[in-house]
Amino acid sequence: MSPVPALCPLPIPCPSLPRVPCPSSCPVSPCPSLPRVPLPIPAPCPLPRCPEPVPSQAAWCVLPSRVLLVLTSQKGIQMYEADGSVLVYWHALDVAEHPPGNAAPRGAAGSDPPCAAGTSSGPVLVFDIPPKGTNVTVSEVLEQHGAAITDIAAEQGRDGAGGLVSADDAGSLCVWSTGEEFRLVSKVPACGCTCSSVALWHGTVAAGFGNGQIRLYEAASGRLRAQVNAHARWINALDLAPETGKLLSGAEDSFVHIWKLSRNPDTDDIEVSWVRRSCP
Amino acid sequence: MSARTLPLLFLNLGGEMLYILDQRLRAQSIPGEKARKVMNDIITTMFNKKFMEELFKPQELYSKKALRTVYDRLAHASIMRLNQASMDKLYDLMTMAFKYQVLLCPRPKDILLVTFNHLDAIKDFIYDSPGIMNQVDETFRQLIETYGPLSDGEFQLIRQTLLVFFQDMHIRVSIFLKDKVQNSNGRFVLPISGPVPWGTEVPGLIRMFNHDGDEVKRTEFTTPGNYVTPQREGSFGLYGDRVLKLGTNMYSVSRPVETHMSGSSKHLASRAKENVIPNPLAKEELNFLARLLGGLEIKNPSGSDTGFRLNLFTTDEEEEHAALTRPEELSYKVIDIEATQEPARREELSCMLEELEAAEPRPASSGKGEDLLALMDGL
């Protein structure tokens, strides 16, 4: 099968991609562009007047038994086998359900076990993925956001339960505890500035905003613990290295900065320090 | 991709076109009467009520080909004629200028300020014609109504939709090269100095808080940039100081504009071709074009006004040379629409087409979308 043009024909700068490591031993996460995977042409689009769909986000959903490629576009949420050979599941978004022109789902994260994807009207869909086969179902619909979901990040907890954070266009963040059922743990109210990218690390939420600020919040309470005037333009992507607590931010001001997150053992304060930046 | 991008694309490109035409009309010493007539006719056509209605409907952006055709017709809405080479150059300049403005917008929302800058300038061109002024004001109000409530994220999506449209266009423009805002490889330079966008802080400060919300620590880091706090925010109202300079007229009679074709071809080698997979919506696109052009009321030039030809180059020889040496990849392949599926439109379109001197022989008229597609394949 001849390769189809690249999955993510995104212009520079790229909208943020979620942070799940690739199945290959790629040290950089997220990949600025995913490997070219031959894709079958999806089924005819049920939406009227829909040109060739441009994927808005892509993520690897890494489960114990399988890895799925999750794509979001105006056609809805599509899941493929990791080699792109089979369309496993397609959650079409009904144009009638959402405000016209807003059917594009955004924000996808895969973690063990939930796989969640956001939509442009606010609900976050959580999928239950079987170890094999195509019997994917929507297990939960989380409705706390009033604006389009921009990014989702997840973390595996220590005792089996994990955490998920979803961010939206209005700058609001919701922290959920995962497990049997999803439960809202805390909510950061909307600040009027888009939260474009979010990461979760050891109970700390790192959020990048359209005004160039990075804010760190306590996941359990939603309280602001640190504020970094990091960039002069829109932050496109955040990525976090879970082993070291190093945070990477890339923005439209053409800079990439590396920060170090840490927790003060005495005061339990979250600390962040600047490490280095890319050369101009 | 955003379905609200087309009005912004059309109005801004139209604004740039008017800046360039105004400069060339003066450089070529076209008599004031004629020049004013041309500008008035084009602006009247652009802001035609029916046309604006079609434009503001939520829809996806269509191909460069389709859009180029609209501007071709628009530029010929009056007594002025442009040769293919001049029209190509005009379109190159328009698109590169707007691409620059979109890329350098400090906030995604500022794209609206860029649009308002263009409209403010258009209002200056037609200050003595209250009829057209009303139309422009009406469009202004529609812009404020449509785009006023959008969030930052929605503006960013619009901006990204525009950038995808301009992707792989790296034509070098002499004014940009001279001002060092464009590199010799055609890429624009992102500045790392100047005022930060409204709502952004100058980078450098880190503040840390305890769980009572008190600030407990403050550190700083340095950046090579030389950023300053902005003075004030631009106005999003019908009138006002926009503050942002992007979208204002950068041409003047003394600064001739040139584009450089040589060297750009190697960058196009890697460009993905449009419509590799046969596009089942090509027919939709043609219907859209037909509706849009049907809404364009091209006036019949009255007998007493003698037409004239505008040259975007400094001499006729230069124009001829440009036509001969334009790289194949950069040809715009303008669509020749012969008929539409809506009988009501057919008459208007053929009227419009009759006014123009067709340079190429016209294929036989047909009434079906499929035949139109075949026509396009023949280009």
Side-chain angles (χ1 to χ4, degrees), chain A residues 4-6 9-13 15 41 49-54 56 74 100-102 104 106 147-148 150 168-171 192-194 196 210-213 216 218 221 223-234 252-255 257 259 267-274 277 279-280, chain B residues 1-4 58-62 103 106-108 151-157 160-167 190-192 194 196-213 215-217 219-225 227 272 275-277 279-281 284-285:
Chain A
V4 165
L10 300 167
I12 305 287
I41 305 215
R49 296 197 72 170
C50 179
E52 220 170 285
V54 176
S56 54
Q74 277 171 315
N102 264 353
R106 331 236 204 94
T150 50
D168 72 24
D169 228 351
C193 188
T194 301
S196 48
N211 67 355
Q213 249 185 13
L216 303 179
E218 183 90 57
S221 60
R223 292 210 189 103
L224 178 68
R225 298 307 294 268
Q227 192 167 290
V228 185
N229 296 341
H231 290 278
R233 295 279 192 280
W234 187 282
E252 291 197 18
D253 60 357
S254 77
F255 288 109
H257 287 284
W259 317 88
T267 61
D268 208 30
D269 283 343
I270 295 170
E271 305 207 338
V272 56
S273 56
W274 179 84
R277 63 149 195 278
C279 299
Chain B
M1 297 288 104
S2 175
R4 281 186 260 232
Q59 59 200 307
E60 297 294 327
L61 284 188
Y62 286 101
L103 198 56
R107 292 176 300 181
S151 67
D152 282 345
E154 280 167 307
F155 273 113
Q156 180 67 318
L157 191 63
Q160 307 245 318
T161 310
L162 288 168
L163 289 173
V164 170
F165 184 82
F166 291 125
Q167 193 166 18
L190 294 177
I192 56 170
V196 287
W198 190 261
T200 295
E201 302 283 343
V202 173
L205 185 64
I206 303 174
R207 299 168 72 196
M208 285 162 271
F209 310 93
N210 64 16
H211 49 223
D212 290 324
E215 187 183 306
V216 290
K217 194 166 169 197
T219 59
E220 293 199 15
F221 65 95
T222 53
T223 55
Y227 295 108
N275 303 329
V276 164
I277 300 160
N279 186 2
L281 293 159
E284 270 277 345
E285 186 174 282

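Per chain, numbering begins at 1; letters A, B, ... match sequence-line order. Worth knowing before you read on, the calculation uses all heavy atoms, side chains too, and leaves out hydrogens, waters and symmetry mates.
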(request) Check the side chains of A/Asp168 and A/Thr150 for a donor-acceptor pair under 3.5 angstrom, ignoring hydrogens and angles. (result)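 No - no donor-acceptor pair under 3.5 Å links their side chains.
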(request) Tell me, out of B/Pro203, B/Gly204, B/Pro108, B/Gly213, who's got the most heavy-atom pairs with chain A below 4.5 Å. (result)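 Of the options given, most contacts go to B/Pro203.
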(message) Heavy-atom pairs under 4.5 Å with chain A - which of B/Gly199, B/Pro106, B/Gly225 has more of them than the others?
(response)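 With the most close heavy-atom pairs to chain A, the winner is B/Pro106.
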(message) Do B/Pro224 and A/Phe255 make a side-chain contact, defined as non-hydrogen atoms from C-beta onward lying under 4.5 Å apart?
(response)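 Counting from C-beta outward, B/Pro224 and A/Phe255 do come under 4.5 Å.
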(request) Taking side-chain contact (heavy atoms from CB on, under 4.5 Å) as the test, write out the residues that go with B/Thr200, two or more places apart. (result)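 B/Thr200 satisfies side-chain contact (heavy atoms from CB on, under 4.5 Å) with A/Asn211, B/Val196, B/Pro197 only.
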(request) Could you pull out all residues at least two apart from A/Ser273 that satisfy side-chain contact (heavy atoms from CB on, under 4.5 Å)? (result)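 A/Lys260.
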Taking all atoms of both residues into account, what is the closest heavy-atom pair of [X] and [Y], and its distance?
X        : Y        : result
B/Asn210 : A/Asp269 : CA-OD1, 3.6 Å
B/Leu205 : B/Phe221 : N-CE2, 4.1 Å
B/Ile192 : A/Ser254 : CG2-OG, 4.1 Å

(message) Using heavy-atom distances under 4.5 Å, tell me whether B/Val216 contacts chain A through its side chain, its backbone, both, or neither.
(response)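 For B/Val216, side-chain heavy atoms alone lie under 4.5 Å from chain A.
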(message) So for B/Leu190, is it side chain, backbone, both, or neither that comes closer than 4.5 Å to the heavy atoms of chain A?
(response)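 Answer is side chain: those atoms of B/Leu190 sit under 4.5 Å from chain A.
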Which bit of [X] comes within less than 4.5 Å of chain B, counting heavy atoms only: side chain, backbone, both or neither?
X        : answer
A/Asp253 : both
A/Trp234 : side chain
A/Ile270 : backbone
A/Gln213 : side chain
A/Arg223 : side chain

